[in-house]
Amino acid sequence: MAAAIGVRERSSRSQWRRWRVRVPVLLIVAFVHWDTGAADQTEEYLKREHSLSKPYQGVGSSTSSLWDLLGNSLVTPQYVRLTPDLQSKQGAVWNRVPCYLRDWEMQVHFKIHGQGKKNLNGDGFAIWYTKDRMQAGPVFGSKDNFVGLGVFVDTYPNEEKQHERVFPYISAMVSNGSVTYDHSRDGRPTEIGGCTAMVRNLNHDTFFVIRYVKRRLTIMVDIDGKQEWKDCLDVPGVRLPRGYFFGASAVTGDLSDNHDLISLKLYQLSVERTPEEEKMDKEVFIPTVDNMKLPGETSTESMSGFALFLIVFFSVLGLIFAGVILLIVYSKWQERNRKRFY
């Protein structure tokens, strides 16, 4: 009997020790999606309607699927291949559901690999958040003069004279539809930032994340197999409309690579805003970047100045007209008074 009681006591003590270990672990898991490193409290929620992950059920073939395939892209159990390692191929995958989130984060799990040696491979792939979808074209397999955001993983340098930039290179571009991507200069005239990212023919997983919070665009990479994010670009004042589509595309030319997507995971970010920030966070209808003039763009300041000029001009004109009318009426009144006395 005493032995049985001793066994129960040891069992209860061991269970208590297990719970003492388990409770902190549960707390860590419960708060794993809290971004404690940021100044703003941010909570993440996976949005499955905008995410692409294994087993890619119905992608490109089912009417109930949330994603469409375009061009030479194909689905396997392990990845969505945008292009094979063959010349002159292009492919894309596009979300069917427009995104109306104000703050979001897209995590991209990808793999670029092929038979070509260094600088004998190409051309790269792009992640899109744009007004139009499913339109093939020359910009990494998608249309030029797009409206929205493009993030490019460029694996081949077209500009021969540049030496300060090492490829592969990740860059971002915002366009209002009037901006053309300059292939001969690897998009440098229109990029808003970027970084070198050696992502080709690696034996470990490669990721990058696009975060859009409070009109601030941030890109970070995890390409060293250390499960650590490193900064790539950070640009404030990026204004993107809501209701655009997410997609990914890739292209090969005379040089080629396999461009594979393992997953695209979109998270809704719940960010606290002050009342002043809420007032300033007005709806956006045309993609812009603060302090960066895009072709065909009329700035808010110039429009408001012109509107103010029109208001002042017509107000002065109205006052002059009213003054003339009053002067005529007053003259008539004086003339009648004189006739009455004479």
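These numbers come from a predicted model, not from an experiment.
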Is the closest basic N to carboxylate O distance between Asp154 and Arg165 below 4.0 Å? no
Is the shortest side-chain N to carboxylate O distance from Asp281 to Arg215 below 4.0 Å? yes
Would you check if the side chain of Ser73 reaches a backbone N or O of Leu70 as a donor-acceptor pair within less than 3.5 Å? yes
Could you check if a side-chain atom of Arg81 sits within less than 4.5 angstrom of a side-chain atom of Asn258, using non-hydrogen atoms only? yes
Only one of Arg273, Glu283, Lys214 passes side chain to side chain contact (heavy atoms under 4.5 Å, CB included) with Arg102, and that residue is Arg273
Can you sort out the partners of Cys99 under disulfide bond (SG atoms under 2.5 Å apart), two or more places apart, ordered by chain and number? none
Should Val97 and Trp104 be regarded as members of a common hydrophobic cluster, given that ILVMFWY residues are connected when their side-chain heavy atoms come within less than 4.5 Å of each other, either directly or indirectly? yes
So, does Asn201 use its side chain to make a donor-acceptor pair with the main chain of Gly114 at under 3.5 Å? yes
Is Tyr212 reaching over with its side chain to a backbone N or O of Val238, donor-acceptor style, under 3.5 angstrom? yes
Measuring only between side-chain heavy atoms, which start at C-beta, is Val151 closer than 4.5 Å to Val108? no
Between His183 and Asn158: side-chain donor-acceptor atoms closer than 3.5 Å: no
Tracing side-chain contacts under 4.5 Å among Ile, Leu, Val, Met, Phe, Trp and Tyr outward from Trp229 reaches Phe207, Val209, Met220
Return each pair, listed once, that meets side chain to side chain donor-acceptor pair (under 3.5 Å) where at least one residue sits in residues 122-131; pairs must be two or more places apart or across chains. Trp128-Ser249
Working note: Arg211 + Glu44, criterion salt bridge (Lys or Arg N to Asp or Glu O under 4.0 Å); need CA distance, chi angles, decisive distance, verdict. CA-CA 11 Å; Arg211 173 174 279 212; Glu44 301 178 353; 3.3 Å; yes
In the hydrophobic clustering (ILVMFWY, side-chain contacts below 4.5 Å, transitive), which residues join Phe167, or is it alone? Tyr169
Less than 4.5 Å apart, any side-chain heavy atom of Ile223 and any of Lys230? no
State which residues pass salt bridge (Lys or Arg N to Asp or Glu O under 4.0 Å) with Asp257; sequence neighbours excluded, sorted by chain then number. Arg200
What pairs meet the disulfide bond (SG atoms under 2.5 Å apart) rule with one or both residues in residues 111-197, with sequence neighbours excluded? Cys195-Cys232
For the pair Asn95 (side chain) and Glu49 (backbone), establish whether a donor and an acceptor sit closer than 3.5 Å, ignoring hydrogens and angles. yes
Close side-chain approach of Leu82 and Val93, heavy atoms under 4.5 Å: yes
Given the rule that I, L, V, M, F, W and Y join up when any side-chain heavy atoms are under 4.5 Å apart, are Ile127 and Met134 in one cluster? yes
Heavy-atom check, side chain of Leu86 versus side chain of Thr252, under 4.5 Å: no
Answer yes or no: is there an ion pair linking Arg216 with Asp234, defined by an N-O contact shorter than 4.0 Å? yes
